[in-house]
Each structure stands twice: as C-alpha cells, then as structure tokens.
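Only this structure's heavy atoms are used, side chains among them; waters, hydrogens and symmetry mates stay out. In the text below, chain A, chain B and the rest are named by the order of the sequence lines, each starting its count at 1.
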Number of protein chains: 2
Amino acid sequence: MASIKDVAKRANVSTATVSRVLRNAGNVTEETRQRVLEAIEELNYQPNVLGRYLRRMETETVLVVVPDITNPFFSKVLRGIEAVALEHGYQVLLGDTQNDARLEEQYLNVLPQRQVDGMIFLTARIRKELMEEMARQFPIVLACEYLEGTDIPTVSIDNISSARKATEHLIRLGHRRIAHLSGPMNIILSRDRLRGYYQALAQHDIDADPALVQEGDFTYESGYNVTLKLLALEEPPTAIFAANDEMAIGAIKAVRHRGGRVPDDVAVVGFDDIQMASIFEPSLTTIAQPMFEIGQKAMELLLQLIEGGNVGRRQFVLPDRLVVRDSCGGSA
Amino acid sequence: MASIKDVAKRANVSTATVSRVLRNAGNVTEETRQRVLEAIEELNYQPNVLGRYLRRMETETVLVVVPDITNPFFSKVLRGIEAVALEHGYQVLLGDTQNDARLEEQYLNVLPQRQVDGMIFLTARIRKELMEEMARQFPIVLACEYLEGTDIPTVSIDNISSARKATEHLIRLGHRRIAHLSGPMNIILSRDRLRGYYQALAQHDIDADPALVQEGDFTYESGYNVTLKLLALEEPPTAIFAANDEMAIGAIKAVRHRGGRVPDDVAVVGFDDIQMASIFEPSLTTIAQPMFEIGQKAMELLLQLIEGGNVGRRQFVLPDRLVVRDSCGGSA
DNA sequence: GATGGAGATGTAATCGATTACATAGATGAG
DNA sequence: CTCATCTATGTAATCGATTACATCTCCATC
C-alpha cells in the first residue's frame, strides 16, 4: 500500500505539500497540485485514515446503538439520523445490542477509545451513573428510550400522555375491562406507558385489575403468549392496549386462535405505527411516533455537542398522535 | 484524557511495560503488574485504540453493507454474522446504503483507508471491476446478492432453482396463468428468480406471457401497485409468484382491494420467509432461506480471508426449501 | 568464579497522516 | 537598493500505542 511518503517522493515534494493538496488547504501552486494529483493517480493512493484520526483525534463518525436491529421502528429512526449525518459529512455506524445490556456497555467504551466522535443510544438499559459519567466527557444523545432524572440530551415523545390517550380511546368506546401488554419493566419506556394506562383508568374511575397487566418483551411471540393467558381469565378483557405494534399483532392472532374476533370481541390498540400496522388486517389503531423526526433531531443535537456548542434545553419531546384504524371498532 | 505515558509515569515503569500489562503479554512480575493496574484504575485510563490500530494496522472490526436496513430479511442474516463475529472478538459495524449504489461505492473505500479489516456485502450493485479490484487486495465476502462470473467468495442460495420450485408448486396446483412480480432487473438476484420462473413454465409447456412479468422494487408498495396492473389485464393471472414476501403481501392486499380472495381467486407465493410470512393472514407459501446460516457462513469465510488463509471453494450455495402455507390453496 | 541463559524492564523506532514552525524566494513600497 | 511582507514549500514534532532490540539482574552450572 502506498503511503503519503511514496506520493511525496514521486511528486518530488514533501509530505506536507501532499497533505495540503489532499485536504484542499490553500497555498499550493496549481502546477505542484497537478503533479501531486498525478502521483496519487499513478500510485492509486488512498489516504490511510487511521493516521489522520490519530493526529486529529476525531473520526467524523458517529455510532448509533440499537437494542434490536430486527425492529422496524428503529430502522425508521435510523433513517432520520442518516439523513442529517450524511448532510454534514458524517459516517453512521450501527451497533446492535440484541437487547443485551452487557453489549450496550461494551459499545459505550468505543467513545473513550476514540473510535467515534459521538453516539446516539436508541436504548438506555445500562447503569445511569456509567452513562452519565461518559456523557460528561463525550457527546452522547439518547433517543426514544431515556434515563430518569438525567440531563443527557434526549429526544422522545411523551410516552405517558400517549399511553393515556390510547387507553382513553378504548374507554370512550365503552370498554371497562382493558388489559395492558407492557414491555419489559426494566425499561423506563415500558413503565411510562404503563403509568399512562393507569392514569387513564383512574381518571375514568375504573379500578385497575392487576391480572389485566401482563409483561411482554416487545416481540410478536410474547404478545401472542401473554394474550392467551388473558383470554383464559374468568373475566377476560374486552380490550387490549399493547405497548407496541408487534405485540398488538400477536394479541390479535391469539384472540383469533381462540375463536374470537377483533375488534368485535376484543378491541386492540398498538403503539409505534410501524408499516405493518396499516397493512395487517384488521389494520391497527395505534400511536404514531414521528420516527424520522426523532432521528433527525437526535443527530442535530449530537452535531451540536460534537462541535462544542451547548444544546440549551436538553429534553426534546416531539408530538405523537393517535391513528384510528380498524382494530378497535367504530364508535360503539 | 490519560495516555499510556501518564500511566507509565504514575506506575514508575516504561510504556512498554504498561502495554505488556494491557495486552496480557507475559514477562511482567505480579508486583509491577499490580502497580500498573492501580495506576490505570486511578487515572481511569482507557487505551486509545486509534494508536493501536495505526501501529498494528488492523482494527478487529468488520463492516457489513446492507442495501436496506428496513428489510427484515437482512436483519436475520446480520444476526448470523454477529454471532460468529462476537465469538471471535470482532466488532460488527453496519453501513446502510438505502439502495443507493453511490453510497455502496463510498463504503467500499473504507477498506483501503484501513478503517475495518474486512467487509461483507449483502448487496452487489456497483461495478464488478471495482469490486473485484478491491477484493484482490482486501478481505471481501458477498452474501445473498452476488456478482456474475467472479471469484469473490460468495454465500447464497440457488435462486434459479428455488424460483423454479416455487413456480412449479403453482403449476402443480393447476395454475397456467402465473404472474411474476420481479425485483429490480439491475439486481442479479432478480434476474435469477425470473429465470427460474421461466424455466418452470418451459418445462411444463406453458407459454410465457410478457404481460405477466412485472418489475417491482421489493417494497410492499410496489407489490401492491404492480398487482393492480396485473388484475386489470383482459385475462388476469390466477396465481402470482413474488420475488419477496413483502411484495407478496402487497399483492394479496391488492387482490383483496379489488374484491378478490386469496387463495381462491388468486394464489400467491412469496420468497424469503420473513417472520411476517407466517403471521399474515392468509399465511404465505414462500421459499425459506437459511438467513442466519448465510450470515454465519459469510462471516466464517471473511475470518479465513482476514487471517490470510485461502477459502478454497469460493461459492457456497446453501439449501433453501419451499414452505407451503395458506396463500396458495390446497391440492386443487 | 566465570559463563550462559532466562526473565524483567527499558529505549527508541515505528505506523501514516497533520501541522507548527522554519525557510527560501518573489513582490512591492519607500 | 533595502527591507518588509507574502506565498510556497520543507522540516520535523506530534498523536498513542506496539514492539524489536538492548540492557540488566539473577540464578544455575561446571
């Protein structure tokens, strides 16, 4: 592999001049510039970025840590991130933690090791202190998930109010026995959605029945299995609010396998509005998150942090909205 | 940020010794080892990997280039790659090209720049010569998609024979007017599946009707739109073979929106066996690819290349199988 | 007690680029 | 003509780790 020295030798200049040509820093005559470019061409030279990284101590690369690459929700957020990054000449790399907090911590180490200039976490399952200590020294932004009582810049929706909105929709349709398929309780997002669910019940004087709250793990399978349990109750629910669309689809399938109909026998509401929510039959009533915008905003914040600016207000709450479709019936 | 020199100073040893402790290379007394470890602890030292990378000229990182991170098929392949990589201490980074060949070429440059030790392409849409030239100098493996007449190591299924199998299944069910929703024709995979379709027709003396072959782009929307065109034909097809599951689902939705039933009026077969294929109703008859295994095999090959070994046979064709479900009817 | 070998540690070169600083040559003002 | 200024280019330090090689100590062996 040719290095900058080889190019310098061939063009009969110093490495400094080659570097200047490479980075388009002025003060090079057109004539030498041409000579250098020729040498680069002839040697098929590609600058070794490791050298540059080491010297400049920056990589113009950001890492996005995703809890589950399989989840379509995150891919949309990612697209928002990519759009902004590309615009600003940053590379985006992806780390998949496969829902493993240990792997998440490992990715965190990439920062002090200087492999990337900043990180966006679409998951926040590691110890808060660890994350905060890192965030004090390096550019970190949280999106979607967040940490309680921290001032790490965060972009998300208001999960409590949107869960309340979803539950209230079911209440307005006349349901009183409403179940909730929650996400894992160690994730704050799940706890928020559960809280919103409880708030809605309380505001309408409906007693919360602990048997109607079941914990899933955001997968289709868990939605299916947990719903089977709910249906086996003496007094099964007439409506289900699932903490994401995949579990909601699992719930619908379970109802059907037990011979029930959706929405007639059981109404279902999901969360996220992934593509499949509108394709699946019955189409899902769900909370639409502005996934692309969340990604954009997160990347914009990260860029500000990297460039040393302050980000001012540190928590950004984007608007969500309830999308009413077929899975919860008309105005019963 | 503390560097190895700071640690050396604090522990009263040379940087060489610190490095030896860090990398667990022997020849260090337990006593000095402890001293060094203490210093590391006290300074909260994290080695800057850029220095190491530059010196060793390797990053123990591989890059996987994906045409579309949104596509669930690829996420499964990715999991296979991750599993093997993790086992061997390699980091996996992801590059999303968003189906843009220009972006794909950009990622290719990451190799001579030494940012990663090797790459796996789950897409192959750039100029063959370019790819081959790079593959001659650096470890590259292709998976899923491939390039014709090249000896870059490749892992995939036999798309021609599996497409033939899928089409034959429809023929056996009595269909004669079978349409094909193909992928983009600039992708060899699409051309292969089309070829398999033609072969099956020919073997059963069915004339191929050009009007029945329509090009999509692997998205749900394209499957939907193109099927509407097919249904508007004077003599519409009684069966549709789609080049992937998402287009197949689009096709089913289109048939329904036109008042038809699947499989009664139109039988549909997909390709890939993504999770939704078994969840969607009617469940999809489809070609199941061993996604996880494709990923595993690809990563294993890449490791061999990185470690300088030869990979022997360069084209690996893994077995696929036809999964019969509800979308194409019983034994009519 | 000289010799040799093994083990522990240090010294300094090295990876490839960037860049602060130095220098040489050209240009212009007085 | 001289000096200041500016431009183009070169020299060499630098980023942080790794590692070839040198050195030193200690101990065993004859």
Checklist entry - Of all the nucleotides listed (C:dT18, C:dA17, D:dA17), which has the minimum atom distance to the side chain of B:Arg52? => result D:dA17
Checklist entry - When you check the phosphate oxygens OP1 and OP2 of C:dG16, does a side-chain N or O of B:Arg55 lie under 4.0 Å from one of them? => result no
Item to check | NZ or CZ of B:Lys76 within 45° of B:Phe292 ring axis and under 6.0 Å | outcome: no
Checklist entry - So, does A:Asn71 use its side chain to make a donor-acceptor pair with the main chain of A:Asp68 at under 3.5 Å? => result no
Next on the checklist: Is there a side-chain contact between A:Thr15 and the phosphate of D:dG10, meaning an N or O under 4.0 Å from OP1 or OP2?
Outcome noted: no
Item to check | Residues that A:Asp192 engages under side chain to side chain donor-acceptor pair (under 3.5 Å), provided they are two or more places apart | outcome: A:Tyr146
Next on the checklist: At less than 4.0 Å, is any side-chain N or O atom of B:Thr32 found next to OP1 or OP2 of C:dA8? Yes or no.
Outcome noted: no
Checklist outcome for this item: From CG of B:Asp6 across to P of D:dC15 the rounded distance in Å is 11 Å
Next on the checklist: By the 4.0 Å heavy-atom rule, please label A:Val13 as base, sugar-phosphate, or nothing.
Outcome noted: sugar-phosphate
Checklist entry - Closest to the B:Asn48 side chain: C:dC15, D:dA17, D:dA8? => result D:dA17
Checklist entry - So what does B:Leu50 hit on the nucleic acid, given a heavy-atom distance under 4.0 Å: a base, only sugar-phosphate, or nothing? => result nothing
Checklist entry - Under 4.0 angstrom, heavy atoms only, what part of the nucleic acid is A:Ser19 near: base, sugar-phosphate, or nothing? => result base
Item to check | Distance below 4.0 Å between A:Ser3 side-chain N/O and C:dC15 OP1 or OP2 | outcome: no
Checklist entry - Of all the nucleotides listed (D:dG16, D:dT11, C:dT18), which has the minimum atom distance to the side chain of A:Ala16? => result D:dT11
Checklist entry - Expressed in angstrom and rounded to an integer, what is the separation of B:Leu43 atom CG from D:dG16 atom P? => result 14 Å
Checklist outcome for this item: Ranking B:Met57 and B:Thr17 by the position along DNA chain C of their nearest nucleotide, the one closer to 5' is B:Thr17
Checklist entry - With respect to the side chain of B:Ile4, which nucleotide from D:dT18, C:dA17, C:dG16 is positioned closest? => result D:dT18
Checklist entry - In whole Å, what is the span from the CD atom of B:Glu30 to the C1' atom of C:dG7? => result 15 Å
Checklist entry - Whole Å only: how far is the CD atom of A:Gln115 from the P atom of D:dA17? => result 13 Å
Checklist entry - So what does A:Val18 touch, heavy atoms closer than 4.0 Å: a base, only the sugar-phosphate, or nothing? => result nothing
Next on the checklist: Under 4.0 Å, counting only non-hydrogen atoms across every strand here, what does B:Arg20 touch: a base, just sugar-phosphate, or nothing?
Outcome noted: base
Item to check | Residues B:Gln34, B:Glu30; criterion side-chain hydrogen bond (donor to acceptor under 3.5 Å, both in side chains); working and verdict | outcome: CA-CA 6 Å; B:Gln34 282 309 325; B:Glu30 186 54 26; 3.0 Å; yes
Checklist entry - Salt bridge or not for B:Glu145 and B:Arg125, using N-O below 4.0 Å? => result yes
Item to check | Protein-nucleotide distance (B:Asn24, atom CG; D:dT19, atom P), rounded to Å | outcome: 14 Å
Checklist entry - Nearest-Å distance, CD (B:Gln46) to C1' (D:dA17)? => result 14 Å
Checklist outcome for this item: To the nearest angstrom, the OH-P distance between B:Tyr45 and D:dG16 comes to 10 Å
Next on the checklist: Please report the interatomic distance CG(A:Leu302) to CD1(A:Ile120), rounded to the nearest 0.5 Å.
Outcome noted: 5.0 Å
Next on the checklist: Please report the distance, rounded to the nearest Å, between CZ in A:Arg114 and P in D:dT14.
Outcome noted: 19 Å
Next on the checklist: Nearest to the side chain of A:Asn27, heavy atoms from C-beta on, is which of D:dT7, D:dT18, C:dG10?
Outcome noted: D:dT7
Item to check | Phosphate-side-chain proximity, B:Arg56 and D:dT19, N/O vs OP1/OP2 below 4.0 Å | outcome: yes
Checklist entry - Counting only side-chain N and O atoms of A:Thr29, is one of them less than 4.0 Å from OP1 or OP2 of D:dT7? => result no
Checklist entry - Can you tell me if the side-chain N/O atoms of A:Tyr53 get under 4.0 Å from OP1 or OP2 in D:dT14? => result no
